[in-house]
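Notes follow once the structure below has been shown.
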Amino acid sequence: TPDVIVGRYLPLRRALRCDGLPRQIHDADVYGAHPGFLAAVYPPANDRSEWFFFVCRAQCQGGRRRAGPGAYRLGSEARLLGGAAYCHAFRYYEDEAEVGSASTRETEWRMDEYGDCRSAAAAFDMVVCKLYPARGGIVHTMLGVHEPASPSHRPDMNKPQVLVQLYLASLNLGDP
């Protein structure tokens, strides 16, 4: 639950007490890659096609987070734990060279960013990000949501060729 993520796991991770952390929460640079690439590299946390990541990110104002060949845009905000924590819900947009450009298109990828309301003076902050595709879309079909979630049932999922194809597909066409 969000309360457990913020109230228990974030303090453990900040204190580098990794022995008490679930192995379903990975360490990765969510803001450096396309969400489809991360979904192909890391196993999902559960059978609902959700991926959880610890992320050290720079403090930033506004509702945009650059990520790979696109950006996350803020959709909604919520306060947790009586206002001591927050959840920001984002939608992922590809080919976002400029806000409102004709090449920008919304994808089915969503991200919830969980953090606590610590001092705003810190340059970097540790958050937990939950990545997931919107329900019922083409991403669910591609990920085989209706198939068993075990990687042993999908032996080709982490082959180097598949990962390279996903990475190349995530780049902008004109990007060297």
Judged by atom type as modelled, is there a donor-acceptor pair below 3.5 Å linking the side chain of Thr107 to the main-chain atoms of Tyr93? no
Take His88 and Tyr72 through the test ring pair (Phe, Tyr, Trp, His ring centres under 6.0 Å) and record every step on the way to the result. CA-CA 11 Å; His88 292 162; Tyr72 290 101; over 10 Å; no
Determine the minimum heavy-atom distance between Pro44 and Ser49, stating which atoms define it. CB-CA, 4.4 Å
For residues Leu16 and Leu12: do they belong to one hydrophobic cluster (side chain heavy atoms under 4.5 Å, members Ile, Leu, Val, Met, Phe, Trp, Tyr)? no
Heavy-atom pair of closest approach, residues Gly115 and Val127: CA-CG1, 4.3 Å
Would a 4.5 Å heavy-atom cut-off, applied to side chains only, mark Met126 and Phe54 as touching? yes
Using a distance-only test with no angle check, is there a side-chain donor-acceptor pair under 3.5 angstrom linking Asp116 and Tyr86? no
Out of curiosity, Glu77 CD to Leu74 CG, how far, rounded to the nearest 0.5 Å? 5.0 Å
What salt bridge (Lys or Arg N to Asp or Glu O under 4.0 Å) pairs are there with at least one residue in residues 27-44, not counting sequence neighbours? Arg13-Asp27
List the atom of Pro133, the atom of Trp51, and the distance in Å for their closest heavy-atom pair. CD-CZ3, 4.0 Å
If you measure from CG on Leu10 to CD1 on Ile5, what distance do you get to the nearest 0.5 Å? 8.0 Å
Decide yes or no for Phe90 and Asp112: does some side-chain heavy atom of the first lie under 4.5 Å from some side-chain heavy atom of the second? no
Rounded to the nearest 0.5 Å, how far apart are OH of Tyr114 and OG1 of Thr1? 9.0 Å
Validation row: Val128, Phe53 side chains within 4.5 angstrom (heavy atoms): no
Can you tell me how far NE2 of His34 sits from OH of Tyr92, rounded to the nearest 0.5 angstrom? 4.5 Å
Side-chain heavy atoms nearer than 4.5 Å, only ILVMFWY residues, links allowed to pass through others: does that put Leu80 and Phe52 together? yes
Interatomic spacing from CE in Met111 to CZ in Arg91 - rounded to 0.5 Å: 13.0 Å
If you round to the nearest 0.5 Å, how far is CZ of Arg23 from CG of Leu21? 13.0 Å
Is any side-chain heavy atom of Tyr31 closer than 4.5 Å to a side-chain heavy atom of Val55? yes
Is there a side-chain contact between Pro22 and Tyr9 in this structure, where contact means two heavy atoms from C-beta onward sitting under 4.5 Å apart? yes
Taking C-beta and beyond as the side chain, do His26 and Pro43 meet within less than 4.5 Å on heavy atoms? yes
Is there a chain of hydrophobic side chains (I, L, V, M, F, W, Y, each step under 4.5 Å between heavy atoms) that links Val6 to Tyr132? no
